[in-house]
> 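Mind having a look at this structure? Questions to follow.
Heavy-atom basis, side chains included; hydrogens, waters and symmetry copies ignored. Proteins come first, then strands; the chains are lettered A, B, ... in the order of their sequence lines, and each starts at number 1.
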Amino acid sequence: MEQARRITLPFTDEIVRGLRAGDRLLLSGTLYVARDAAHKRMFEALDRGDPLPFDISGATIYFMGPSPARPGRPMGAGGPTTASRMDPYSPRLVALGLKAMIGKGTRSAAVREALREHNAVFLGGIGGAGALLSKSVESSEVVAYDDLGPEALRRLTVKDLPVTVIDDATGRDLYEEGRARYRTIGRAHTH
Amino acid sequence: MRELHVAKLTSTISLLFQEACHRLPNDVVDALRSARDREESGASRDILDKLLENAELAPREMIPLCQDTGLAVVFIELGQDVHLVGGDLRDAVDEGVRQGYAEGYLRTSVVCRPFTARVNTGDNTPSDIWVEIVSGESVKISVLPKGAGSENMSRLMVLTPAMGREGVIDYVASVVDEAGGNPCPPLIVGVGIGGTTEKTMMMAKKALLRPVGQPSADEENAALERDILERINGLGVGTLGYGGTVTALAIHVESFPCHIASLPVAVNLQCHSARRGVAVI
């Protein structure tokens, strides 16, 4: 298997254009953490015509809600949460310049279309490896919505955070391709 | 009649959740190692290596295995010759959850109203408490910190009796197929068959307490577990949905008699971070 490629954030259009489903990356730099409730708040801000709490242009959002930090540590466990819950929100943010999202699980057709249209990517974090992934976090601070507790909007500085490209900007999807490669039976009929 | 102070339940439950969220049971680690050895996809093997590394790191550095430390599911088998004293049973269980999640730096993931005020209760209570009266004078407590990634993809359907064994296999496989990478495979698939709708989901959930891969004591159920496992591992979903030959680590089937007109089937999915704890007082 090819070596993971080191990337310094923020993503540029050129780097995103070259990414393909299945590529393994190690991300370093600044990204933002938001999940369900923070996305809802960001949408309310946009609807009111207010600015977002951070510059979304070129940004990466990590769908995650960390466990509390023990004293002296930047963060507790932190791995990706299921991305489909953010599907209603993501296309609008991608249109505003969001370049990458980190999460897990299948995205909607509308999200994948937005990725193609605006040259952006969906990246898979390692679901259930919250302890290991926390070792890639150098600093963590709440940027907004502190009252949401584990769902607050955070800024993280990461070093070599491992991710895999799930949906690239050409429309390819690792979940579809991976499953097709190893599937030995037809689709089940019931349900 | 044995008297037991509920404070003992509180302290036991607090420790069980802290331990469960930091240390993966040995049988789960063994199952992940075995999956790593037989997985054909390099991408899935690479992730399985990292999951094994995660399982080793978490207890050593006291970082939870996964940030989703779950909704606190607590099963209590209460001996009928035990007299609980010193307070209310449910209050004592919730207090154990409250203490365990605070002391263990575990994430609180409960909101107070499901479809309106989704405000975090701040202490991961109320917990999900199931009490069963059994014979004897001991209390068995089993805990499952159940994350939403896998719980959200759990399903229930009442099949027609004519759909039979093949219908059950088709249905369970279709649930896992549609769940794809969302529930963090490789999975442990709890399957309840028969009973009523609530009974069958409870069986599916409780089946997750069984050590991974320990076959059902019932020969028909054990054979069904093997057949469902073979079907599911042919789906190609693989670790985290990246494609591969191991989608489930084990299938655990429980069954119960049911109505002449029904064939209920419940599928309760458990992610690879199959955390659980048990204590007998």
> Can you tell me if A:Asp146 has over 12 outside heavy atoms packed within less than 6.0 Å of its CG?
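Count not over threshold, so no.
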> Out of A:Ala21, A:Ala180, A:Pro68, which one racks up the most heavy-atom pairs below 4.5 Å with chain B?
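Of the candidates given, the most pairs with chain B belong to A:Pro68.
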> Heavy-atom distances under 4.5 Å only: say whether B:Asn120 touches chain A with side chain, backbone, both or neither.
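Looking at B:Asn120, just its side chain touches chain A.
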> Quick check on the interface: out of A:Gly65, A:Gly149, A:Ser134, who has the most heavy-atom pairs with chain B under 4.5 Å?
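Answer, by heavy-atom pair count under 4.5 Å with chain B: A:Gly65.
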> Can you tell me if CD on A:Glu44 sees more than 12 non-hydrogen neighbours from other groups inside 6.0 Å?
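Result for CD/A:Glu44: enclosed.
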> Might you confirm whether atom CD of B:Glu230 has over 12 heavy atoms from other residues, nucleotides or ligands at distances under 6.0 Å?
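Check fails, neighbour count at 12 or below.
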> Output the distance between atom OG1 (A:Thr164) and atom CG (B:Asp46), rounded to the nearest 0.5 Å.
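Between atom OG1 of A:Thr164 and atom CG of B:Asp46 there are 7.0 Å.
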> Picking from A:Pro66, A:Ala131, A:Gly105, A:Gly22, which has the most non-hydrogen pairs under 4.5 angstrom with chain B?
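The residue among A:Pro66, A:Ala131, A:Gly105, A:Gly22 with the greatest pair count is A:Ala131.
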> Got a sec, which residues hit side-chain hydrogen bond (donor to acceptor under 3.5 Å, both in side chains) with B:Ser44, two or more places apart in sequence or on another chain?
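For B:Ser44, no residue satisfies side-chain hydrogen bond (donor to acceptor under 3.5 Å, both in side chains) once neighbours in sequence are set aside.
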> Side chain from CB out, backbone as N, CA, C, O: work out which of these in B:Thr69 comes under 4.5 Å of a heavy atom of chain A, or both, or neither.
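Neither; nothing under 4.5 Å.
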> Need one label for A:Ala69: side chain, backbone, both or neither, based on atoms under 4.5 Å from any heavy atom in chain B.
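Answer is backbone: N, CA, C or O of A:Ala69 sit under 4.5 Å from chain B.
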> Quick check: does any side chain N or O of B:Asn182 sit under 3.5 Å from a backbone N or O of A:Lys104, one acting as donor and the other as acceptor?
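No, because the side chain of B:Asn182 does not come within donor-acceptor range (under 3.5 Å) of the backbone of A:Lys104.
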> Is it the case that over 12 heavy atoms from other parts of the model lie below 6.0 angstrom from the CZ atom of B:Arg38?
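Enclosed.
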> I'd like to check B:Lys50 versus A:Leu133 (side-chain heavy atoms, cut-off strictly below 4.5 Å). Are they in contact?
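Result no, sub-4.5 Å side-chain heavy-atom pair not found.
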> Using a heavy-atom cutoff of under 4.5 Å, enumerate the residues of residues 14-34 of chain B that contact chain A, numbered in order, or state 'none'.
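Within residues 14-34 of chain B, the residues that come under 4.5 Å of chain A (heavy atoms only) are B:His22.
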> Could you tell me the separation between the OH atom of B:Tyr242 and the CZ atom of A:Arg24, rounded to the nearest 0.5 Å?
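Here the rounded value is 10.5 Å.
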> Under 4.0 Å between a Lys/Arg side-chain N and an Asp/Glu carboxylate O for B:Arg118 and A:Asp36?
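Salt bridge: no.
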> Do any of residues 104-114 of chain B come closer than 4.5 Å to chain A, heavy atom to heavy atom, and if so which ones, in number order?
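The stretch touches chain A at B:Gly104, B:Tyr105, B:Leu106, B:Arg107, B:Thr108.
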> Between A:Lys135 and B:Leu57, what is the shortest heavy-atom contact and its length?
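Looks like CG-CD2, 3.7 Å.
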> Can you tell which part of A:Arg70 gets under 4.5 Å to a heavy atom of chain B, answering side chain, backbone, both or neither?
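For A:Arg70, backbone and side chain are both near chain B.
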> Is B:Leu235 close to A:Arg179 at the side-chain level, that is, under 4.5 Å between some pair of heavy atoms?
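Side-chain contact under 4.5 Å: no.
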> I need the A:Ile126 CD1 to B:Cys184 SG distance, nearest 0.5 Å.
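It comes to 10.5 Å.
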> Determine the option with the most heavy-atom pairs under 4.5 angstrom with chain A, choosing from B:Thr245, B:Asp68, B:Val237.
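That would be B:Val237.
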> For the residue pair B:Leu240 and A:Tyr175, what are the closest heavy atoms and their distance?
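Result for this residue pair: O-CE2, 3.3 Å.
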> Heavy-atom distances under 4.5 Å only: say whether A:Ile166 touches chain B with side chain, backbone, both or neither.
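Just the side chain, heavy atoms under 4.5 Å.
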> Counting only non-hydrogen atoms closer than 4.5 Å, can you tell me which residues of residues 73-88 of chain A sit against chain B?
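If one takes a 4.5 Å heavy-atom cut-off, the residues of residues 73-88 of chain A near chain B are A:Arg73, A:Gly76, A:Ala77, A:Gly78, A:Gly79, A:Pro80, A:Thr82, A:Ser84, A:Arg85.
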> I'd like to verify something: which residue of B:Cys271, B:Gly238, B:Pro183, B:Gly244 has the highest number of heavy-atom pairs under 4.5 Å with chain A?
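If we count pairs closer than 4.5 Å to chain A, B:Gly244 comes out on top.
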> If every non-hydrogen atom of A:Gly130 is compared with every non-hydrogen atom of B:Asn54, which pair is closest and at what distance?
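The pair with the smallest heavy-atom distance is N-OD1, 3.7 Å.
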> Using the side-chain contact (heavy atoms from CB on, under 4.5 Å) rule, take A:Leu132 and B:Glu56 through it: C-alpha gap first, then chi angles, then the decisive distance, then the call.
CA-CA 9 Å; A:Leu132 184 68; B:Glu56 193 196 296; over 6 Å; no
> Go through the atoms of B:Glu61 and report whether side chain, backbone, both or neither lie under 4.5 Å from a heavy atom of chain A.
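Its backbone and side chain both get close to chain A.
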